[in-house]
There are 2 protein chains.
Amino acid sequence: MRSHDVPRVRALPMFMNVSEETFARVTGAAHLQKFPANTQLLLEGDNVDFLYVLLDGQVELQGTWNDKETTLTILRPVSTFILAAVVLDANALMGARTIERCDILMISGHSIRQNMAEDPLFGIAVARELAGCYRGLVRTIKNQKLRSGVERLANYILTLRAKTGASDLIHLPHEKRVLAALLGMTPENLSRAFATLQAYGVDVIGADLRICKLRDLERLAKPDPLIDNHAPPAPDIRAEADAEIWAAERIRAGG
Amino acid sequence: MRSHDVPRVRALPMFMNVSEETFARVTGAAHLQKFPANTQLLLEGDNVDFLYVLLDGQVELQGTWNDKETTLTILRPVSTFILAAVVLDANALMGARTIERCDILMISGHSIRQNMAEDPLFGIAVARELAGCYRGLVRTIKNQKLRSGVERLANYILTLRAKTGASDLIHLPHEKRVLAALLGMTPENLSRAFATLQAYGVDVIGADLRICKLRDLERLAKPDPLIDNHAPPAPDIRAEADAEIWAAERIRAGG
DNA sequence: CGCGCGGCTTGATGTTTATCAAGCGACGCA
DNA sequence: TGCGTCGCTTGATAAACATCAAGCCGCGCG
């Protein structure tokens, strides 16, 4: 691991309250690897030997069945993924693919499990991370089952707005076809959904959005803290007390 | 807790490999409570003070938004629920309601968290349980996003068949309206889906099914171990080695 | 420059699913 | 025994969503 990555990894909820010794032991044999864009890191069903920590780039976690594919989540730095499979020493239920060129830290799954047994604080940290991932998925399912495509898009925009500083000028972090897969619709329907949102004051120019009538958009989207996590991204260092509850929910990719 | 409940609770993945002392400390202040049918145990957003252990009856975990409601999972004994909220000491993202009269053991959330810090084996057990719950939700999302209503029903039937001893005579464990909500469709469409499955050899008489042409049904359903968990329910006692991986995935209700 | 490619949009059409309405049959209860 | 309720089914209709096809536009490249 490069030395300037250490504080970024330590800021993860999974390592935040962990002793220097345990951290050193867990990451001792870790190695940093670079992957080009559009590289399949992991196929569904693969045996999982490493915990992945995304340090740079974007990774998509997907599920497939019967020649169809869906995007479960898109990860941005700094995030861990497939922790659940590592904890259970099981195979992956999701595939993982790079969307951009990525820097990924790979931590031995065995050393994760071993250190959970030796340091209860680390076990707690892992459990908290997993609990946060679980809750992320609960939100995802509610979003998917209870809302229509247009409503999901409207809420996606509002969440993005909240996470990027509440400005009314927003830049989409993904290609639209990727966003469509994430929202559970076809690119064609995403296009039509954006057209529908024009009536609610959303102007779209390429990947740039402008929210002109926030009230109208909110009235359509009806954002709900029990579905949409509008918490801002975690800064590298913060007081423990606040961090605990929501920081663990920032990342939704337990694996 | 009644003495005959102890081995049933101990058989949960969460307590299976935990010492007598820790088990006693965790469950020391637990109390058993009976609830009538159709009782709301927990509203979405409620603060969660207890880990719930369902010993008898059925509990539905639901999500609501904008006057719509969906069923996330239906629990049968012996299952824990809202563990994730307990671990994070956070509020509930799902509501919980009894479907039948229930016996529920309520374990102090504080004692869960405290014992995780004191006994690393317990911390691991909690993490494993959460990891299994997480993977259950991953399966749910893939099922929901990748399959049509008829396909979900066909796979539900095949999974039920596998879990209840591979007999071709199956009894539905829930009312059809409850099943419809679980499968993410309306009761009307469930009815039509059953009608569709008649062509694939599924005969329905009330809550009793008969599978006449298993091959045809499987060809339609295309069950997949990465979505459908056909593992049989856990017996009370079993060898550790096999138990570990799948037992934790039996229950899908981390909270 | 001209060309092809890929991402995006738009329109036409078909499938899936929800909604509304009506009716059937089992059950509890007076 | 009669009657209302409730779960379930069926049909008609509408909304949501996917699919197929065509075309636009920006961009890299020969």
For a quick test of your reading: what N or O donor-acceptor pairs under 3.5 Å do the side chains of residues 38-45 of chain B make, sequence neighbours left out?
| from | atom 1 | to | atom 2 | distance (Å) |
| --- | --- | --- | --- | --- |
| B:Thr39 | OG1 | B:Pro36 | O | 2.8 |
| B:Thr39 | OG1 | B:Ala37 | O | 3.4 |
| B:Gln40 | NE2 | B:Leu42 | O | 3.1 |
| B:Glu44 | OE1 | A:Lys142 | NZ | 2.5 |
| B:Glu44 | OE1 | B:Thr64 | N | 3.4 |
| B:Glu44 | OE2 | B:Thr64 | N | 2.7 |
| B:Glu44 | OE2 | B:Thr64 | OG1 | 2.3 |

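Comment: B:Arg161 engages B:Asp168 in a salt bridge, judged by a side-chain N to carboxylate O separation of less than 4.0 angstrom.
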**Complete:** Per-nt protein contacts along nucleotides 4-9 of chain D (heavy atom under 4.0 Å; B base, S backbone sugar-phosphate only, - none) come out as ---SSS

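For residues 55-73 of chain A, the pairs satisfying salt bridge (Lys or Arg N to Asp or Glu O under 4.0 Å) are A:Glu60-A:Arg97, A:Glu69-A:Arg97, with sequence neighbours left out.
Residues from residues 145-153 of chain B lying near DNA chain C, meaning a heavy-atom separation below 4.0 Å, are B:Ser148, B:Gly149 in numerical order.
Remark: the backbone N or O of B:Lys222 is paired with a side-chain donor or acceptor of A:Trp65 at under 3.5 angstrom.
Ring orientation note: the planes of B:Phe50 and B:His31 are nearly perpendicular, at an angle over 60° on the 30°/60° scale.
Put simply, the side chain of A:Met106 reaches to within 4.5 Å of the side chain of A:Tyr52, judged on heavy atoms. Proximity of A:Leu179 to A:Tyr156: side-chain heavy atoms (C-beta onward) are separated by under 4.5 Å at one or more points.
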**Request:** Determine, stepwise, if the pair B:Arg147 / B:Asp228 fulfils salt bridge (charged side-chain N to carboxylate O under 4.0 Å, His left out).
**Result:** CA-CA 12 Å; B:Arg147 303 214 264 227; B:Asp228 311 289; 2.4 Å; yes

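For DNA chain C, the contact window with chain B, defined by any atom under 4.0 Å from a protein heavy atom, covers C:dT17 to C:dC20 in 5' to 3' order.
A donor-acceptor pair shorter than 3.5 Å cannot be found between the side chains of B:Gln62 and B:Thr70.
Residue A:Asn189 contributes atom CG, which lies 11 Å from atom P of D:dA16 at whole-angstrom precision.
With sequence neighbours left out, the side chain to side chain contact (heavy atoms under 4.5 Å, CB included) criterion links A:Ala221 to A:Ala154, A:Asn155, A:Leu158, A:Pro223.
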